[in-house]
Amino acid sequence: QLQLVESGGGLVQAGGSLSLSCTASGRTLGSYAMGWFRQAPGKEREFVAGMSSGGDNTPYLDSVKGRFTISRDHARSTVTLQMNSLKPEDTAVYYCVAAVWSDGNIATWRDRNEYHYWGQGTQVTVSS
């Protein structure tokens with residue numbers, strides 16, 4: 001059973017940066033698609049960023065393109081979301097996710113039901 005644990009959330013001022021980490025245990029991440037979702041109060045959970053198992057596909061939510069960067073370290077079984085130029089609208093609980101498929105079209109990436117494993121979430125709060 002794959003387990004995902006996020007860390008790195010917190011409070012930051014608008015324009016600042018945070019780095020979220022997701023550490024996996026139980027299985028190696030080599031063949032899994034990995035990603036991040038977020039959910040703000042009163043809103044639907046939405047896809048933020050993903051990386052295919054081979055690292056050659058990295059889809060992003062349009063509103064975070066150019067500000068967020070996803071990366072993964074197979075040796076350490078970690079996935080990182082570097083978030084720069086943060087905005088108050090980025091405030092949400094961020095979830096690390098993993099899927100047993102290696103890559104897919106954008107509709108697959110965006111569908112929360114396509115993911116098999118979820119972390120417990122980490123709060124990110126951006127003050128104005």
Using salt bridge (charged side-chain N to carboxylate O under 4.0 Å, His left out) as the criterion, list what pairs up with [X], not counting sequence neighbours.
{"X": "Arg27", "result": "none"}
{"X": "Lys65", "result": "Asp62"}
{"X": "Asp73", "result": "Arg76"}

Between [X] and [Y], what is the shortest heavy-atom contact and its length?
{"X": "Ala92", "Y": "Arg38", "answer": "CB-CB, 3.8 Å"}
{"X": "Asn84", "Y": "Ser17", "answer": "OD1-OG, 2.9 Å"}
{"X": "Ala98", "Y": "Met34", "answer": "CB-SD, 3.4 Å"}
{"X": "Thr80", "Y": "Ser19", "answer": "CG2-OG, 3.3 Å"}
{"X": "Asn57", "Y": "Asp103", "answer": "ND2-OD1, 2.9 Å"}
{"X": "Trp109", "Y": "Gly104", "answer": "NE1-O, 3.1 Å"}

Are Asn105 and Thr108 close enough that a side-chain donor and a side-chain acceptor fall under 3.5 Å?
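Their side chains do contain a donor-acceptor pair, which is all the 3.5 Å distance test asks for.
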Would [X] end up clustered with [Y] when hydrophobic side chains under 4.5 Å apart are linked, directly or stepwise?
{"X": "Met83", "Y": "Val97", "value": "no"}
{"X": "Val5", "Y": "Val79", "value": "no"}
{"X": "Val100", "Y": "Met51", "value": "yes"}
{"X": "Val48", "Y": "Tyr117", "value": "yes"}
{"X": "Tyr95", "Y": "Val64", "value": "no"}

Any pair counted as ring pair (Phe, Tyr, Trp, His ring centres under 6.0 Å), so long as it reaches residues 33-70, sequence neighbours left out:
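Every pair satisfying ring pair (Phe, Tyr, Trp, His ring centres under 6.0 Å) with a residue in residues 33-70: Phe37-Phe47, Phe37-Tyr115, Phe37-Trp118.
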Considering residues at least two apart in sequence or located in another chain, which fulfil the side chain to side chain donor-acceptor pair (under 3.5 Å) criterion with Thr125?
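If we apply the side chain to side chain donor-acceptor pair (under 3.5 Å) test to Thr125, skipping adjacent residues, the hits are Gln123.
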My understanding is that only residues two or more places apart in sequence, or in another chain, count here; which of them pass side chain to side chain contact (heavy atoms under 4.5 Å, CB included) with Val126?
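Listed in chain order: Val12, Ala14, Leu86, Pro88, Asp90, Thr91, Val124.
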Atom pair [atom1]/[atom2] of [X] and [Y] - distance to nearest 0.5 Å:
{"X": "Gln3", "Y": "Cys96", "atom1": "CD", "atom2": "SG", "value": "12.5 Å"}
{"X": "Ile70", "Y": "Gln82", "atom1": "CD1", "atom2": "CD", "value": "12.0 Å"}
{"X": "Ser77", "Y": "Arg72", "atom1": "OG", "atom2": "CZ", "value": "9.0 Å"}

Do Ser21 and Thr78 have side-chain heavy atoms sitting under 4.5 Å apart?
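They are not in side-chain contact.
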Mark yes or no for whether Glu6, through its side chain, and Gly121, through its backbone, hold a donor-acceptor pair below 3.5 Å.
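Yes.
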For the side chain of Arg110 and the backbone of Leu61, is there at least one donor-acceptor N/O pair under 3.5 Å apart?
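Flag not set: sc Arg110 to bb Leu61 has no pair under 3.5 Å.
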